[in-house]
Amino acid sequence: MSPITLFPLLISLASLLLQPDEVEILFAGDAMQHQSQLDAAHRGSGMYDYSECFKAIAPYVRSADYAVVNLECPLGGEPYSGYPMFGAPDEYAAALRDAGFDLALTANNHTLDRRDKGLRRTLSVLDSLGIRHTGTFAPAESRNDSVPLIVDVRGFRIAFLNYTYGTNGIRHGAGVAVNMIDTAMIRRDIERALHSGAEIVAVCPHWGIEYRMLPEKSQRILAGKILDMGADMIIGAHPHVIQPMEFEEDSMGRGKLKVYSLGNFLSGMRTAETRGGTTVTVTLRRDRTGRAYIAGAVYRPVFTLTPLPASGENFRLIWSDTPVTDKIRETQRKDFERSATEIFDRYNVNVPRDTVPMQQVVKRRALRERHYLSNYDAD
């Protein structure tokens, strides 16, 4: 038996004694930074405050064992700007970290809005904040050592791969690298991840057509190819609206998850369907042989509450089923909730809404952590 074949087998055998039974991975959609968000967060003298933005949903994000967000705005330094050439303050990324996010996906069509310098600075800031990242690389050759990104989440070895359809026509120089959607590259990366001991492979493509709430045929075809290559889940971004989710078992009985678009996480967009998005939480477990697999997934929609005029408020995320007292914003919330629910109820396959009360969600995380620590101590 070759060393490449033996390594994953040893990982699986060791898991029988050393690994916890279950972990939860949370994914969130597009973290944007429009001019209206910049204006609301500005506190004068170059200071920006995002402390209220994620307060309502942070306990849920932190309840996951690992949380991933699509960072769709460079941290390119001053001057800051919104659409069409984004540039967000470092405080925005710090607020995402404080909300509980561990990993930022950086391959998207706005990743070069501040050119190569902005790409480099984005990665440097994320490093300084302790947020892991994948999808873009500086220097370019660092991709060789950074892909695949395999993260040990309480004993589960998960590979995260991130690619984009383009960069709005902006080309980067030789000193940096951006993962583009290329089936040959994706195949090589998945194979390398599996040979390096990854038990679960998550591919996160930035794809599709903006504002369309059903996936294009091209997305479905590419998703099928990627899963056939050996990926376990596909978590999509870019359309700025939600798209359906599908969880099914393949011919080998292995769970496969397709999430075509999580929509917007936090943004300044104002059409009904773009005012929110959803999180999806993926549960991983082990079978009797120690093999890791996807046991299921649930979604929980979020809604961006825009500040009232002259209120001094900031943009805030709330759960989309949480009523608000202001009539205009309540109408906006209901419109988003109704639209998203109609799509999910009609087109989702085996991915239900998470209706577990928050207190129980947090307790569930505590129980997983206790189980993990007891296994670790026993060893």
Side-chain angles (χ1 to χ4, degrees), residues 20-30 57 60-70 100-103 105 151 153-154 156-162 198-205 207-208 213-215 219-220 223-224 226-227 230-237 239 241-250 252-263 265 276-287 291-302 319-321 340-341 343-358 360-362 364-365 368:
D21 295 329
E22 178 179 293
V23 296
E24 291 183 348
I25 313 299
L26 179 143
F27 294 88
D30 306 335
I57 57 93
Y60 187 77
V61 176
R62 295 175 189 146
S63 74
D65 298 290
Y66 204 74
V68 184
V69 65
N70 177 47
F101 287 102
D102 304 286
L103 172 64
L105 306 174
V151 180
V153 182
R154 298 192 180 279
F156 286 77
R157 290 175 55 84
I158 307 166
F160 295 94
L161 301 169
N162 176 215
E199 300 176 283
I200 298 290
V201 178
V203 176
C204 304
W207 62 355
M213 299 186 72
L214 293 178
Q219 287 172 268
R220 292 189 175 278
I226 292 174
L227 293 180
D232 299 277
M233 67 178 99
I234 296 171
I235 311 293
V241 294
I242 60 93
Q243 292 180 345
M245 313 172 185
E246 302 168 0
F247 177 68
E248 299 174 294
E249 291 186 349
D250 62 14
M252 302 297 292
R254 190 175 179 88
K256 299 283 187 176
L257 175 66
K258 291 178 283 190
V259 178
Y260 288 103
S261 173
L262 292 171
F265 187 51
T278 190
T279 62
V280 63
T281 300
V282 184
T283 300
L284 306 181
R285 292 180 184 150
R286 294 189 181 280
D287 62 20
R291 188 194 71 163
Y293 68 97
I294 300 177
V298 293
Y299 71 89
R300 199 160 192 148
V302 295
W319 300 115
S320 68
D321 57 359
T341 301
I343 290 293
F344 288 143
D345 285 352
R346 183 173 181 181
Y347 295 103
N348 271 23
V349 177
N350 299 323
V351 183
R353 187 167 187 154
D354 187 357
T355 58
V356 176
M358 187 58 60
Q360 293 184 27
V361 171
V362 175
R364 189 170 59 197
R365 163 67 189 268
R368 291 198 309 274

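What you see is a predicted model; the values in this text were computed from it and never measured. Values below: every heavy atom of this structure, side chains too, minus hydrogens, waters and symmetry copies.
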One pair to check against side-chain contact (heavy atoms from CB on, under 4.5 Å): Arg368 and Arg154. What are the steps and the verdict?
CA-CA 10 Å; Arg368 291 198 309 274; Arg154 298 192 180 279; 5.7 Å; no
Evaluate Leu103 against Val151 for side-chain contact (heavy atoms from CB on, under 4.5 Å), listing each step before the verdict.
CA-CA 10 Å; Leu103 172 64; Val151 180; 5.5 Å; no
Please report the C-alpha distance between Val282 and Leu257 in whole Å, then the side-chain angles of each, then the deciding distance to 0.1 Å, and finally whether the side-chain contact (heavy atoms from CB on, under 4.5 Å) criterion is met.
CA-CA 9 Å; Val282 184; Leu257 175 66; 3.5 Å; yes
Walk me through whether Met213 and Ile242 qualify under side-chain contact (heavy atoms from CB on, under 4.5 Å).
CA-CA 6 Å; Met213 299 186 72; Ile242 60 93; 3.8 Å; yes
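Minimum interatomic distance between Val241 and Ser261 (heavy atoms only, all atoms of both residues): O-OG, 2.7 Å. Here the closest non-hydrogen pair linking Met233 and Leu227 is N-CD2, 4.2 Å. Of all heavy-atom pairs between Trp207 and Ala223, the closest is CH2-CB, 4.0 Å. Nearest heavy atoms, Leu26 versus Phe101: CD2-CE2, 3.9 Å. When all heavy atoms of Ile235 and Pro205 are compared, the closest pair comes out as O-CD, 3.3 Å. Closest heavy-atom contact between Ser63 and Val361: OG-CG1, 3.1 Å.
Two residues are said to be in side-chain contact when any heavy atoms from C-beta on lie closer than 4.5 Å; Tyr60 and Val302 fail this criterion. You'll find the side chain of Ile25 reaches within 4.5 Å of the side chain of Ile158, heavy atoms only. Side-chain contact between Arg291 and Arg254 is present, with heavy atoms from C-beta onward closer than 4.5 Å.
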Name the atoms and distances for all side-chain donor-acceptor pairs under 3.5 Å in residues 293-301, with sequence neighbours left out.
from   : atom 1 : to     : atom 2 : distance (Å)
Arg300 : NH1    : Val356 : O      : 3.2
Arg300 : NH2    : Val356 : O      : 3.4

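Salt bridge absent: Lys256 and Glu248 never bring a charged side-chain N and a carboxylate O closer than 4.0 Å. The pair Glu199-Arg157 does not count as a salt bridge, with every side-chain nitrogen at least 4.0 angstrom from each carboxylate oxygen.
Contacts of Arg353 classified as salt bridge (charged side-chain N to carboxylate O under 4.0 Å, His left out), with partners at least two apart in sequence or in another chain: Asp321, Glu337. In terms of the side-chain contact (heavy atoms from CB on, under 4.5 Å) criterion, residue partners of Arg62 (sequence neighbours excluded) are, by chain and number, Ala58.
Remark: aromatic rings of Tyr260 and Tyr347 are distant, center separation not under 6.0 Å.
Once rounded to the nearest 0.5 Å, the distance linking CZ of Phe27 with OG1 of Thr278 reads 13.0 Å. Between atom CD of residue Gln219 and atom CD1 of residue Ile226 there is a gap of 10.5 Å, rounded to the nearest 0.5 Å. Atoms OG1 and CG, on Thr341 and Asn348 in that order, are 10.5 Å from each other to the nearest 0.5 Å.
In this structure, Arg286 satisfies the cation-pi test against Phe156, with its NZ or CZ atom closer than 6.0 Å to the six-membered ring centre and inside 45 degrees of the ring normal.
Under the side-chain contact (heavy atoms from CB on, under 4.5 Å) rule, Cys204 has a single partner from Leu161, Asn162, Asn70, which is Asn162.
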